[in-house]
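Positions are given from 1 along the sequence.
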Amino acid sequence: MAAKYQPNAPKTKSPGSVANGGTATQGQWGRAWEVDWFSLASVLFLLLFAPFIVYFFIMACDQYSCSLTAPVLDLASGRARLSDIWAKTPSVTREAAQLYTLWVTFQVLLYVSLPDFCHKFLPGYVGGVQEGAVTPAGVVNKYEINGLQAWLITHALWFTNAHLLSWFSPTVIFDHWIPLLWCANVLGYAVSTFAMVKGYCFPTSARDRKFTGNFFYNYMMGVEFNPRIGKWFDFKLFFNGRPGIVAWTLINLSFAAKQRELYGHVTNSMVLVNVLQAIYVLDFFWNETWYLKTIDICHDHFGWYLGWGDCVWLPYLYTLQGLYLVYHPVQLSTLHAAGVLLLGLSGYYIFRVANHQKDLFRRTDGRCLIWGRKPKAIECTYTSADGRKHHSKLLVSGFWGVARHLNYTGDLMGSLAYCLACGGGHLLPYFYIVYMTILLTHRCLRDEHRCASKYGSDWGRYTAAVPYRLLPGIF
């Protein structure tokens, strides 16, 4: 989920893929044309087990006070059966279905019906109608960037309700957490299936599709590059940013309200998780225009991986720290809390400044200062699918001279801070750092494979100049 910057997104137009077959040609990008056995095995594993992984974590908190080993030991020893655990699991309720339907409808309305006005009075914020990167077929989509506005309106209404109107309890999300999980799964599978059918039957851009011949891979990774309804409703931008990321901070606030209801106070660990993750969420929406140049938008097609992942995986597993702290309120020592805060802010600083340096370098074509000096770059050439040669530059100054993906390193530092805020009592809060390490390492390798194919020997010169990927001196 979290968006990661793609430093080498193509800038030039080139013919895209041809529907229903073909071989990848030089200069094209996007997901794979052909599926090897390892990729297919990974796809099948995720399709079969990812929903159960989410259920396991949420069930462990609901029935076993967030212990990951207790349910396994109960099943292994015969003290419990799967049917017993399932029988204790809350089912979907009318209240949860109404709440979730209202939530998604409200976010859709904010997305398509309310043009952005924040960019008119917030200095430095770029919103309103913006252009995305060139797609493989040479299409340049336009987007109404209004995520920050949607986040502000949503949270203003939340706080107004909590302190003035009292239409619903601030703990409403926690109180319906598992019934809402079933609603999120329904939407995730529905939108993924619709995107699959749409890609085959009525695509937005027929040339921006890829078919591998394998149904499961196509379903998971997507067929269509930018599925849209009408002029503005872009599936990829909406589901990547809304409703999951807007909900992220609301979910944490609901967890904090529940902790206060149960114990009479909010612990400093819960405050840290709320603050550090809110910084990340606000950064995402402040830089939503920049997000149009990330891997998610520039390279990934829209399928189950993004559709279900943004509806279920992101809101349910990215918020495990707050959920854990409801069941296990942790009051950190002043030194521990200060260390977590410093780690989180340092990680955010590296993440943000590294991305800013890359963006500044691209926008000015290198006519800027990075760390007070004129930036250095590796001059590269590549050939697009139409046979034309193009020139590009790979930055080797600032954080990008320290490691090739130091923005990911900063992201991992922040992820670790969220987990450390929960103390060391259970493994569950640390799932996030394990997952993010796997995710970002995979993205790092995937990005570099793509760049090596694109730039050839020039990429070799770049990796010689910046030999490390994530950890200087180690990896």
side-chain contact (heavy atoms from CB on, under 4.5 Å) partners for [X], two or more places apart:
X: Cys422; result: Gln321, Tyr324, Leu325, Pro429
X: Pro90; result: Asp62, Ile178, Pro179
X: Leu47; result: Val43, Phe216, Tyr219, Met220, Trp304

Item to check | Val246 and its side-chain contact (heavy atoms from CB on, under 4.5 Å) partner, picked from Phe106, Phe284, Phe285 | outcome: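 The option that passes is Phe285.
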Of all heavy-atom pairs between [X] and [Y], which one has the smallest distance, and what is that distance?
X: Asp116; Y: Gln149; answer: CA-OE1, 3.3 Å
X: Lys258; Y: Phe174; answer: CG-CD2, 3.4 Å
X: Phe255; Y: Leu323; answer: CD1-N, 3.3 Å

Side chain proximity check, [X] to [Y], heavy atoms < 4.5 angstrom:
X: Pro243; Y: Trp103; value: yes
X: Tyr468; Y: Thr409; value: no
X: Ile251; Y: Pro315; value: yes
X: His301; Y: Val223; value: no
X: Asn407; Y: His405; value: yes

Checklist entry - Salt-bridged, Asp359 to Arg363, with N to O below 4.0 Å? => result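 Here Asp359 pairs with Arg363 in a salt bridge, since their nearest N and O are under 4.0 Å apart.
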Can you pull the disulfide bond (SG atoms under 2.5 Å apart) pairs that have at least one residue in [range], sequence neighbours excluded?
range: residues 45-98; result: Cys61-Cys66
range: residues 171-201; result: none
range: residues 75-104; result: none

Next on the checklist: Closer than 3.5 angstrom, by distance alone: can the side chain of Ser254 be matched with the main-chain N or O of Leu250 as a donor-acceptor pair?
Outcome noted: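 No; zero donor-acceptor contacts below 3.5 Å.
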Checklist entry - Counting N and O atoms only, with roles assigned by atom type, does the side chain of Ser415 sit under 3.5 Å from a partner on the main chain of Met436, one being a donor and the other an acceptor? => result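 Here the side-chain-to-backbone pair does not exist.
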Checklist entry - Among pairs that include at least one residue of residues 76-98, which meet ring-ring contact (aromatic ring centres under 6.0 Å, His included), considering only residues two or more places apart or in two chains? => result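 Output for this query lists Tyr55-Trp86, Trp86-Trp182.
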Acceptor/donor pairs from residues 331-338 side chains to any protein atom, 3.5 angstrom cut, sequence neighbours excluded:
from, atom 1, to, atom 2, distance (Å)
Gln331, OE1, Asn268, N, 3.3
Ser333, OG, His336, N, 3.1
His336, NE2, Leu420, O, 3.1

Checklist entry - Do we get Arg94 above Tyr100's six-membered ring, with its NZ or CZ under 6.0 Å from the centre and within 45° of the axis? => result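 Relative to the ring axis of Tyr100, which defines the angle, Arg94 lies outside at least one limit.
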Checklist entry - Looking at Trp290, does the NZ or CZ of Arg352 lie under 6.0 angstrom from its six-membered ring centre and within 45 degrees of the ring axis? => result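 Checked: cation-pi criterion met.
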Distance-only polar pair, side chains of [X] and [Y], donor-acceptor under 3.5 Å:
X: Ser169; Y: Glu261; value: no
X: Ser65; Y: His328; value: yes
X: Glu131; Y: Asn141; value: no
X: Asn146; Y: Tyr111; value: no
X: Gln277; Y: Thr249; value: no

Checklist entry - Taking the six-membered ring for Trp, are Trp286 and Tyr125 parallel (under 30°), tilted (30 to 60°) or perpendicular (over 60°)? => result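 Judged by the thresholds at 30° and 60°, the geometry between Trp286 and Tyr125 is tilted.
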Item to check | Among Tyr432, Tyr430, Tyr318, ring pair (Phe, Tyr, Trp, His ring centres under 6.0 Å) partner for Tyr418 | outcome: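 Testing each of Tyr432, Tyr430, Tyr318 against Tyr418, the sole residue satisfying ring pair (Phe, Tyr, Trp, His ring centres under 6.0 Å) is Tyr432.
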Checklist entry - Only one of Trp308, Phe56, Phe431, Trp177 forms a ring pair (Phe, Tyr, Trp, His ring centres under 6.0 Å) with Tyr316, so which one is it? => result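 Going through the options one by one, the only one that passes is Trp177.
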Checklist entry - How many angstroms lie between CD1 in Ile229 and OG1 in Thr204, if you round to the nearest 0.5 Å? => result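 It is 8.0 Å, given to the nearest 0.5 Å.
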Which side-chain N or O atoms in residues 160-167 pair as donor and acceptor under 3.5 Å with protein atoms at least two apart or in another chain?
from, atom 1, to, atom 2, distance (Å)
Thr160, OG1, Ala156, O, 2.7
Asn161, OD1, Trp167, N, 2.5
Asn161, OD1, Phe168, N, 3.1
Asn161, ND2, Phe168, O, 2.8

Item to check | Contacts of Glu448 that satisfy salt bridge (Lys or Arg N to Asp or Glu O under 4.0 Å) - sequence neighbours left out | outcome: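 Per chain and number, Glu448 pairs via salt bridge (Lys or Arg N to Asp or Glu O under 4.0 Å) with Arg404, Arg469.
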Item to check | Residue list, salt bridge (Lys or Arg N to Asp or Glu O under 4.0 Å) with Lys236, at least two apart or on another chain | outcome: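 Lys236 satisfies salt bridge (Lys or Arg N to Asp or Glu O under 4.0 Å) with no residue once adjacent residues are dropped.
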Taking [atom1] in [X] as the centre, count heavy atoms belonging to other residues, nucleotides or ligands within less than 6.0 Å. Is the count above 12?
X: Leu114; atom1: CG; value: yes
X: Arg446; atom1: CZ; value: yes
X: Tyr349; atom1: OH; value: no
X: Phe52; atom1: CZ; value: no

Item to check | Residue list, side-chain hydrogen bond (donor to acceptor under 3.5 Å, both in side chains) with Thr101, at least two apart or on another chain | outcome: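 Residues passing side-chain hydrogen bond (donor to acceptor under 3.5 Å, both in side chains) with Thr101: none at all.
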